[in-house]
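The next block holds one structure in the form of structure tokens; read it before the comments.
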Amino acid sequence: LVTRIESTIHPLTGGTGLWTLLCAAGIAGAQPTAIKAQGPFRGLRAAESVLDAIVSNLQKQGYCDSDSPAIWQLHMRAELRKVNANQARFLGGWESRP
């Protein structure tokens, strides 16, 4: 069995300059068994820095980059929708209403 980990970073909706990091993990050729989001991060550079640190840590544990295409993009997009919905709910509570 081969363990697979896919990671990606995306901006959050709303034009706030916030970004999130998404990671999916599982057995290659199957559905992911875990999807995690980290953040929000202020700016792309901050999110990339965290992603670089995670990649470095995984390489030290024996993981290596793969040339195969990403297979869990739809799963991570669904998680991104959840993160955006939660972020909108959180920020919505701080809006002033006349």
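This structure is a prediction, so every number in the text was calculated from the model and none was measured. Note: hydrogens, waters and symmetry copies are ignored here, and every other heavy atom, side chains too, is used.
Residues T20 and L80 form a side-chain contact, since some pair of their non-hydrogen atoms from C-beta on lies under 4.5 Å apart. F41 places a side-chain heavy atom less than 4.5 Å from the side chain of V50.
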Donor-acceptor contacts, no H, no angles, side chain residues 55-68, under 3.5 Å, sequence neighbours left out:
from : atom 1 : to  : atom 2 : distance (Å)
N57  : OD1    : Q61 : NE2    : 2.7
S66  : OG     : S68 : N      : 3.1
S66  : OG     : S68 : OG     : 2.7
S68  : OG     : R4  : NH1    : 3.1

Can I get a per-line list of side-chain donor-acceptor pairs under 3.5 Å for residues 28-36, giving both atom names and the distance, sequence neighbours left out?
from : atom 1 : to  : atom 2 : distance (Å)
Q31  : OE1    : H75 : NE2    : 2.5
T33  : OG1    : A25 : O      : 3.2

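Connection of L18 to M76 is established within a shared hydrophobic cluster, with ILVMFWY side chains joined at heavy-atom distances below 4.5 Å, either directly or through further cluster members. Both I54 and I9 belong to a common hydrophobic cluster when Ile, Leu, Val, Met, Phe, Trp and Tyr are linked at side-chain heavy-atom distances under 4.5 angstrom.
E6 places a side-chain N or O within 3.5 Å of a backbone atom of I71 that can act as its donor or acceptor partner. No donor-acceptor pair under 3.5 Å is formed between the side chain of N84 and the backbone N or O of L12.
Taking OG1 from T8 and CH2 from W72, the interatomic distance works out to 14.0 Å, rounded to the nearest 0.5 Å.
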